[in-house]
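Right, one structure below, let's go through it.
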Amino acid sequence: MEIRRSGAGRAVTVHVSGKMDAYWSDALSRELESCVSEGAREISLDLSEVSFISSAGLRVLLIYLKQMKAIKGRLQFLNPSEKVRSIFDLSGLTHLLTAAMGGGPVDAVIPATPLPDHTGMYTIVPMKAADPGVVTEYAAEDSAEGKTYPQVRYPSTRMGFGIGVFGDTAGDADPPFGEYLAAAGITVCVPTDERNHPDYMIEDGVFVPVISVFSGIAVDAEFNKQLNFEAAEQYRGIPFSSLALLALQEAATPAAAVLIIAESASLIGAQRKRSPTQDADTFTVHDAREQFSFTTEPSHERSIAVICGLVSHQPAPLLRPLDPAPTCYGHAHAAVFSHKPLPDGEIDAQSFIRTLFDFGTVHSVLHLMYDDRNPMRSTESEFVRGSMWVHPLMALTDRTAGEGGGAC
């Protein structure tokens, strides 16, 4: 059997010839998976030269029919041979499979707007109007009994990130605080204990995730826009700073909170190895290496990242430059998951994020960084395609603060 692909981008044709037995069905499955992961949403499968399809081959066709429908794409079968049609009839799947037959051109792609730096394109899915919100900060406080840590609730209407740990910290002299983020009713945290393994809590009915916070922020977010983006073919990915500028442009406010679900081209960031309660942070090279693990090279290619962040045109507490100029400032944490194709069009962020936990694995939580130590490689995280939800904010220097400040 032979498998050939023609076309590129969103619309591709896969030509198959020979017998589609179990061995070659696995090969076809890998080819279709590759098409989807590279962004194809209109796949035409030319079956004109297929002489036989086993049950394994039929299973692959049914799996990808369902998968393409789930991501709002299309798999169509072109010119099936007489033997293929006969197997469809004998299998009792004629009605289901022939509904996907066609031969005409695929639907036209909705026109998109270029990003200002031309690294990609984006489309807008309008949502309800939202008034500018505020950021609430939380941090450890000194008391007669020692340090006390706020217990912060993160229902599905609230997003945020920081340094925290699950469970009650009362009486614990050294809680293993580590990076966390919260969005869509799910809070993910990587404690700085010997396991260093991500844990999570999910909102369910009356249960709402609660985390003990060393330092962190929360935003009661009402998103007013969903921005779908995809990198241009000549670029590896869209830089995080470009998405930050897009969010600020569309928010039309000095600052914005963003929730991003995206397929990563690469991630650059750091994660705590040691709880900040153990000793004061210093900035010598040795101490930094003892306290943090850094991505020495861009990592997590072709993963799904769920990102919570604050972005601003102006510097502010907690924010750092996102690019060399700098043209914008921000602070963001990313939870990294196994790859899952992103649907086209409007996405229910809460439902999609929950499927990542149902059918995938959370690998890490990173504090995303701009890293200019090696100018010969990428200096910031980049993304192939995804969706970004924007919540306008007042200027962060004017925000109402919660229980004190603190770096997160």
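Please read these numbers as outputs of a predicted model, since none were measured by experiment.
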Next on the checklist: If you define the side chain from C-beta out and look only at heavy atoms, does anything of R354 sit under 4.5 Å from I186?
Outcome noted: yes
Would you indicate whether the side-chain heavy atoms of R41 and I71 approach each other to under 4.5 Å?
yes
Minimum heavy-atom separation for [X] to [Y], with atom names?
| X | Y | value |
| --- | --- | --- |
| R385 | L342 | O-CD1, 3.6 Å |
| A334 | I307 | CB-CG1, 3.7 Å |
| Q271 | V365 | NE2-O, 2.9 Å |
| I87 | I53 | CD1-N, 3.2 Å |
| I268 | T379 | CD1-C, 3.6 Å |

**OP:** Could you verify whether a donor N or O on one side chain and an acceptor N or O on the other, from E301 and S264, lie under 3.5 Å apart?
**Re:** no
- prompt: With distance as the sole test, does T361 use its side chain to make a donor-acceptor pair with the main-chain N or O of H363 at under 3.5 Å?
  reply: no
* Asked: Is there a donor-acceptor contact under 3.5 Å from the side chain of S25 to the main chain of D21?
  -> yes
Between F240 and F383, how do the two ring planes meet: parallel, tilted or perpendicular, split at 30° and 60°? perpendicular
Is the distance from the ring center of [X] to that of [Y] below 6.0 Å?
| X | Y | answer |
| --- | --- | --- |
| F357 | F337 | yes |
| F214 | F177 | yes |
| F161 | H331 | yes |

